[in-house]
Every structure is written in structure tokens, then in C-alpha cells.
Amino acid sequence: MGDKSFKVISDEKSRVREIIKELEAEFQVNSPPRDHPFLTLVRTVLSQNTNSRNTERAYDNLTSEYTSPKDFAEADIEELENLIRPAGLYRSKARTLRKLGRIIIDEHEGYLKEVLKKSQNKARKELLEMPGVGPKSADCVLLFACGRDVLPVDTHISRTTKRLGFADLDDDPEEVKEKLEPLVPKGERGKIHLLLIELGREYCKALAPVCGECPINNLCPQKGKRY
DNA sequence: CTCCGGCGAG
DNA sequence: CTCGCTGGAG
């Protein structure tokens, strides 16, 4: 007896493929190749636990005056704080950004690119050793600054993945990643990352999900359980 | 585990 | 008013 409230696809890999296909028809998520690795890292730090609008404001303020690792390494903390305030968590982020600038200058010849040239595992390990850089941020840099096939797991990814039934409610981001990644075709991890974020922002929202309008509600076990 | 935090939606 | 936002550190 299958659950007729949603399209039953026994193979979860097939269901993921269907979901990607439907979401691609709904959203265009051509991620612009970000050529500047250090600014990619800066943007990622600003985005931590911060919505995209506020991230964008802070990033625009900041990059009108600071662009190179040297700029950040020599920055006045209070000035950094003022520029990035819209992002929230601005005191810790300002200190993180200055430390990151100094690390790039002192330990990597002034270029984050020197770290990213290494093998993916090595690069990830070194990113994780940097202040203010955890799993999600490290993966974002690997994805957006050097096009690696990785799947950064943020709150949107966690929430949508759990609601879609690919992970359990109490799974932490690492567990979500371990369960979702094997279901995603090679080379499509960055794509599904962006697609699930859009899904989370537009439909599968934390507070008031709009399942009735969701483009993949026929592929979701929550169909009929939420309004 | 708690803390950091401006900001907008509901 | 509360909640959550492309989290990470102590």
C-alpha cells in the first residue's frame, strides 16, 4: 500500500533527480563564477546566520573600501564593524575578517589561491583551521571559489532535506550532508545546494511553508501534512 | 550548552 | 512582540 498523497518513487536517487529537474524549471540558479577567492571567503563569513539581503548590504559597504587581504590585515576594527553592521554578529565578524587577512598575508603569500591550489581535502582542512571558518563556510569557498563538487549544508539545506524525508529531524548538518550527498549525481552538488536554498526561501520556509504552491509538493512526503 | 546581532516578516 | 537568517567559537 503506497502513500498516494505523494508520488511514490522507491529509489531515493530517482526522487532527488526528479526534484532537481523540477526545481531547475522553477529557478534559474546559474552561480556566477566568483573569481576572487578571498572576497568569496569574506562574503561567506558575512553570510553566517544572516539573510542574503543583509549580507549583500554589508558586503557592498565593505568592498567599496576593502578588497585585498592586505586591506583587511591593516584595517581598523571599529571601521570594519561599522561597515558590516547590517550583517549582524558584526563584532566577531570584523575580528574574524582582520585575522583572515593577516593569515593570508603571513602564511599564504598574500593569496588564498595558494591554499585552494592544493588537493580538495588539504584545502578544506586548511580552511577549517582558519578562524571563523567552519564546515559550511569551508565548503562554500570550495564550491564558489574553485568550483569543487561539494554540498555546503546550511539551515535551508537542513530544513528542506529533512522535510523531503532524506534526513531525520534531529540530524546535525554533518549528518544531513552524509545522507543527502550520496543521493545527488556527481557534479550536481553545487546546483542542488543553490536550488534547495531557493526552495527554502520561496516555498519551504521555516515559519510558514507554502506547500500548496510548492513546485515539488508531489515529490514530498509532507504533502497533505502541511497546508 | 550559550553567545553574538541587525533586520524584516508575521 | 517572536522568530529565523547560506554558523562558529568558547
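Numbered from 1 within each chain, the chains take letters A, B, ... in sequence-line order. Keep in mind that this is a model prediction, so the values were computed, not measured.
For NZ of A:Lys118, the number of neighbouring non-hydrogen atoms (other residues, nucleotides, ligands) closer than 6.0 Å is greater than 12.
Side-chain contact, A:Arg124 with A:Asn121: no donor N or O sits under 3.5 Å from an acceptor N or O.
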Under 3.5 Å, which donor-acceptor pairs link side chains of residues 110-117 of chain A to any protein atom two or more places apart or in another chain?
| from | atom 1 | to | atom 2 | distance (Å) |
| --- | --- | --- | --- | --- |
| A:Glu114 | OE2 | A:Lys117 | NZ | 3.2 |

Name the atoms and distances for all side-chain donor-acceptor pairs under 3.5 Å in residues 202-214 of chain A, with sequence neighbours left out.
| from | atom 1 | to | atom 2 | distance (Å) |
| --- | --- | --- | --- | --- |
| A:Tyr203 | OH | A:Glu26 | OE2 | 2.7 |

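The salt bridge (charged side-chain N to carboxylate O under 4.0 Å, His left out) check on A:Glu22 picks up nothing, with sequence neighbours excluded. Listed by chain and number, the residues in a salt bridge (charged side-chain N to carboxylate O under 4.0 Å, His left out) with A:Glu181 are A:Arg189 (sequence neighbours excluded).
Within 4.0 Å (heavy atoms only), A:Pro173 reaches no atom of the nucleic acid at all. Using a 4.0 Å heavy-atom cutoff across all strands shown, A:Arg43 reaches no nucleic acid atom at all. A:Ser137 comes within 4.0 angstrom of sugar-phosphate atoms only, judged by non-hydrogen atoms across all strands, and of no base. Using a 4.0 Å heavy-atom distance criterion, A:Val133 is classed as a sugar-phosphate-only contact.
Spacing of P atoms, B:dG5 relative to C:dG10, comes out at 14 Å, to the nearest Å. Of the C1' atoms belonging to B:dC1 and C:dT6, the separation is 23 Å, rounded to the nearest Å.
Heavy-atom contacts of chain A under 4.0 Å fall on DNA chain C between two terminal nucleotides, which in 5' to 3' order are C:dC3 to C:dA9.
Relative orientation of the A:Tyr66 and A:Phe72 rings is tilted, given thresholds of 30° and 60° on the angle between their planes.
For the pair A:Lys191 and A:Glu188, the salt-bridge criterion is met [side-chain N within less than 4.0 Å of a carboxylate O].
Mapping A:Ser47 and A:Lys99 onto DNA chain C by nearest heavy atom places A:Ser47 closer to the 5' end of the strand.
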Reading 5' to 3' through nucleotides 3-10 of chain B, protein heavy-atom contacts under 4.0 Å coded B for base, S for sugar-phosphate only, - for none
-BBBSS--
